[in-house]
Amino acid sequence: MAITKPVGTKDMLPEEATFWMAFQETAADVFGRYGYQPIVTPVLEKHELFVRGIGEATDVVSKEMFQALSDENLNILASGGHVKSKSRLALRPEGTAGVVRAVAEYNLVAQGAAPVKLMYAGPMFRAERPQEGRQRQFNQIGIECLGADDPSVDAEGIIMLMRFYRELGIPSESIRLLVNSMGCEKCRPAYRDSVKAYIMEHADCMCEDCLRRAEINPLRAFDCKNEACRTVMESAPRISEALCDDCKSHYQAVKDYLDAAGLEYVEDYKLVRGLDYYTRTVFEVQTVDANNNQNAIGGGGRYDKLMQEIGGAATPGFGFALGYERCLLALKAAGYEMPKVSACDLFIACVNDEVRARAFALAQEARDAGVRCDFDHQSRSLKSQFKLADKLGSRLVAILGPDELAEGKVKIRDMANHEESMVDLDAIVEAVKGMLA
Ligand code: AMP
């Protein structure tokens with residue numbers, strides 16, 4: 001049997017691949033207006049980066065990471081040997097850790113320097129159970145701002161993401177913005193302990209997962225889909241009552257900025273997000289479609305301790321990631337249809353083989369002048385060449401015949417209205433450009 005793609009991955013055929021490129025351009029345009037510059041980091045990083053950055057107790061690291069080993073190292077491990085930690089690699093499950101690593105490695109925010117604003121786009125990998133909107137390889141676009149802890153950074157980032165969705169064409173009434181504060185290293189430990197104690201008090205109603213997590217990451221119980229756990233967690237201690245004064249005023253300032261920008265949001269004390277590194281602001285954007293389990297189309301927050309966790313100098317940070325595939329689902333739910341893409345704008349058809357060399361040269365001339373152009377490589381009949389031009393979505397077809405060429409002329413057919421005109425061979429490229437304009 002022919003080999004097919006791995007489970008949980010998707011191919012983007014030309015129509016979608018073209019859309020994905022335009023999607024990235026929209027993001028670069030919107031985020032560029034806020035001062036974000038592109039960065040490209042490796043898909044492969046050291047496994048340790050994610051263990052230390054994201055946290056060993058998170059689902060992403062403990063269950064979903066794809067580790068990568070060379071054959072040689074795999075054989076060493078299989079025979080009970082030891083492989084150095086630097087040789088243990090992983091396919092990145094998210095983009096933040098890699099960007100923060102690069103910022104530390106190149107000292108992009110020197111002490112006292114202005115914050116660095118970076119954006120990335122590309123594939124992420126998580127060994128999750130695939131379903132609609134949940135893949136093992138999926139694409140994210142994200143931003144990171146490192147070097148400033150001011151609430152204006154958080155608010156600006158959230159506003160920017162909402163602008164992106166608007167620009168993309170996702171109707172604002174089909175999505176909602178949830179915000180919360182997770183506190184800091186001063187107030188969160190006591191809060192965690194109180195949630196853990198609360199879970200233990202209600203242990204007989206909670207699922208195995210929550211009980212297991214209670215030891216290491218009790219806040220994840222707020223995320224649990226189990227009905228009984230959800231009911232118990234409704235009355236759990238709330239972070240809003242546990243924030244220290246600094247976190248309270250930081251959170252209030254973020255909300256004030258959002259209010260001033262006229263952005264609607266819902267405060268959700270249950271929003272804890274899956275990764276360990278968040279401090280203070282966390283947020284998520286969801287589609288309101290109740291039938292959709294995978295309704296998070298983007299989210300992020302502040303991570304003031306992450307840089308230190310991976311061995312860099314203390315540097316506050318804020319970032320978010322949005323899921324390309326889920327944005328596309330949201331767009332489709334709103335009636336969006338992906339535009340058909342044409343492979344060329346000018347197709348050069350040959351009446352017979354005698355003129356093929358001229359067609360070859362003309363195609364080159366047109367391409368050099370910036371026209372998307374193609375011609376038949378298979379000596380098809382003229383009729384089949386027209387069919388091909390149609391299939392490729394070409395707007396124009398130039399018909400090269402020996403008689404016309406002898407007179408220095410070429411016939412051009414407009415495929416939309418089938419009108420034909422004769423143009424001078426010398427001026428054909430300019431004529432085509434005029435017709436396409
Ligand atoms: P996270 O890094 O978990 O905060 O995810 C950020 C965004 O990436 C989410 O809001 C989703 O839109 C998207 N995303 C996360 N995991 C997946 C997945 N397995 N498949 C498709 N999209 C995903």
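Order of listing sets the numbers, starting from 1, for every ligand and every atom in it. Hydrogens, waters and symmetry mates play no part in the numbers below; they use all other heavy atoms, side chains included.
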message: Among Arg212, Arg213, Arg126, which residue satisfies the salt bridge (charged side-chain N to carboxylate O under 4.0 Å, His left out) criterion with Asp59?
response: Arg213
message: Would you say CE of Met21 has more than 12 non-hydrogen atoms from neighbouring residues, nucleotides or ligands within 6.0 angstrom?
response: no
- prompt: Does Phe360 have any ring-ring contact (aromatic ring centres under 6.0 Å, His included) partners at least two apart in sequence or in another chain, and if so, which?
  reply: Phe375
Short N or O contacts of ligand 1 with protein, under 3.5 Å, listed by atom name?
residue	atom	partner	partner atom	Å
ligand 1	2 (O)	Arg126	NH2	2.8
ligand 1	2 (O)	Gln140	NE2	3.3
ligand 1	3 (O)	Arg126	NH1	2.9
ligand 1	3 (O)	Arg126	NH2	3.4
ligand 1	4 (O)	Arg273	NH2	2.4
ligand 1	5 (O)	Gln140	NE2	3.3
ligand 1	8 (O)	Gln140	NE2	3.0
ligand 1	10 (O)	Ala296	O	3.2
ligand 1	10 (O)	Gly298	N	3.1
ligand 1	12 (O)	Ala296	O	2.8
ligand 1	12 (O)	Gly323	N	3.3
ligand 1	19 (N)	Glu128	OE2	2.6
ligand 1	19 (N)	Gln135	O	2.8
ligand 1	20 (N)	Gln135	N	2.9

- prompt: Where the side chain of His250 meets the backbone of Asp149, is there a donor-acceptor pair that is under 3.5 Å apart?
  reply: yes
query: Salt bridge check: are Glu48 and Arg52 linked by an N-O gap of less than 4.0 Å?
result: yes
- prompt: Considering residues, nucleotides and ligands other than Arg129, do more than 12 of their heavy atoms fall under 6.0 Å from its CZ?
  reply: no
